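Sequence lines set the chain letters: A, B, ... in the order given, protein chains first and strands last, and positions in each chain run from 1. Note that the structure is a prediction, hence the values are computed from the model and not measured. All values below come from the heavy atoms of this structure, side chains included, with hydrogens, waters and symmetry mates left out.
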Amino acid sequence: MLHTPTSALTILPLEDALCLDQTLHCGQAFRWREISPGVHRGVAGDRAVSVWVQQGYLYVSGDDAPDAEAFWRNYFDLNTDYTAIKTTLSAHPPLKAAVDYAPGIRLLRQGAFEALISFIISQNNHIGRIGAIIERLCERWGEDLGGGAYSFPTPERLAALSLPDLAPLQAGYRDKYLLDAAVRVASGALDLTEVAALPLAEARAALMEIKGVGIKVADCALLYGFYRAEVCPMDVWMKRGMAALLPEGWPESVRPIAGIAQQYLFHYARTCPEALSGG
DNA sequence: AGCCAGGGTCTGC
DNA sequence: GCAGACCATGGC
């Protein structure tokens with residue numbers, strides 16, 4: 001199917017805070033770039049768009065599909081009550097500090113395969129470089145969406161490649177891991193639709209059958225690709241943040257949304273110097 | 001130049 | 001079950 005850039009504009013009312021800079025550049029997604037102040041361009045699925053927030057509305061430019069409104073409402077999680085979430089989190093002072101630091105963060109609902117591959121690439125890597133590798137991946141094997149934008153490659157397209165093909169990615173030792181993931185998904189050995197319906201422990205175990213996927217990458221896929229909001233990926237920054245701010249672990253009331261709490265705490269620990277120094 | 005990064009695997013205890 | 005070496009790459 002052929003897509004051409006369009007000027008179609010979707011306007012979505014915001015009932016809670018949404019800060020695009022905080023949400024799109026806090027390490028949960030890697031395909032968004034700020035092209036002018038406050039305007040971000042990126043791709044989700046086969047939709048390449050520019051987005052910005054103005055006076056309580058989210059503007060999405062470039063998607064003329066009939067379901068554009070529903071798609072972007074879902075992507076930016078606009079059907080979830082973040083005021084209620086932040087009230088729950090703010091009952092605990094360390095979490096209140098994290099929420100107040102960046103209250104416009106929301107959990108994006110990304111595609112399962114894209115999230116899986118992206119976080120395989122993320123292992124022992126820097127956020128900036130993860131984005132660069134993913135960009136090369138999409139430019140080479142994604143669908144051309146026009147305007148210099150490319151979709152995320154399909155499992156089938158990646159599964160047809162060999163390791164030497166992947167060398168230009170400069171992904172290091174992770175290339176064989178992402179190839180294994182693509183082969184398993186494309187062959188049907190790993191059915192992501194089935195994973196979505198599995199109990200948490202089984203879903204995690206299914207993902208961890210992929211070479212190079214341990215508990216952290218599996219949890220990132222579950223949180224960002226399957227919207228398991230109770231899953232909390234523990235990377236080096238979260239370990240530091242939890243040790244400094246919540247040494248007793250998550251409060252009971254937070255556990256069902258620990259993944260969302262994690263997003264605030266991760267960003268706080270990683271970017272605010274005072275967060276880890278006895279705040 | 002060395003250290004680190006949204007880790008995982010393998011080995012050895 | 002846990003510690004340590006090792007893995008590719010590039011920014012700082």
Contact class for [X] (heavy atom, under 4.0 Å): base, sugar-phosphate, or nothing?
X	result
A:G212	sugar-phosphate
A:I133	nothing
A:F30	nothing
A:M238	base
A:C232	nothing

Please check if the number of heavy atoms outside A:K176 that lie under 6.0 Å from its NZ is greater than 12. yes

Atom-to-atom span, [atom1] of [X] to [atom2] of [N] - whole angstrom:
X	N	atom1	atom2	value
A:L265	B:dG6	CG	C1'	13 Å
A:K211	B:dT9	NZ	C1'	12 Å
A:L179	C:dA8	CG	P	15 Å
A:M208	B:dG8	CE	P	7 Å
A:R129	C:dT9	CZ	P	7 Å

Can you find a donor-acceptor N/O pair under 3.5 angstrom joining the side chain of A:H126 to the base of C:dG10?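 Check passes, donor-acceptor contact within cut-off.
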
Check if the side chain of A:Y224 and the base of B:dG6 share a donor-acceptor pair of N or O atoms closer than 3.5 Å. yes

Is there a donor-acceptor contact under 3.5 Å linking the side chains of A:Y224 and A:Q263?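 Judged by distance alone, the side chains do pair up.
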
Connected via hydrophobic side-chain network under 4.5 Å: A:L161 and A:V185: yes

Where does the angle between the aromatic ring planes of A:Y75 and A:F71 fall among parallel (under 30°), tilted (30 to 60°) and perpendicular (over 60°)?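 Correct class here is parallel.
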
It should be established whether A:R240 places a side-chain nitrogen or oxygen under 4.0 Å from OP1 or OP2 of nucleotide B:dA5. yes

Nearest to side-chain heavy atoms of A:Q170, which nucleotide of C:dG10, B:dG6, B:dA5: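 Closest nucleotide among those given: C:dG10.
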
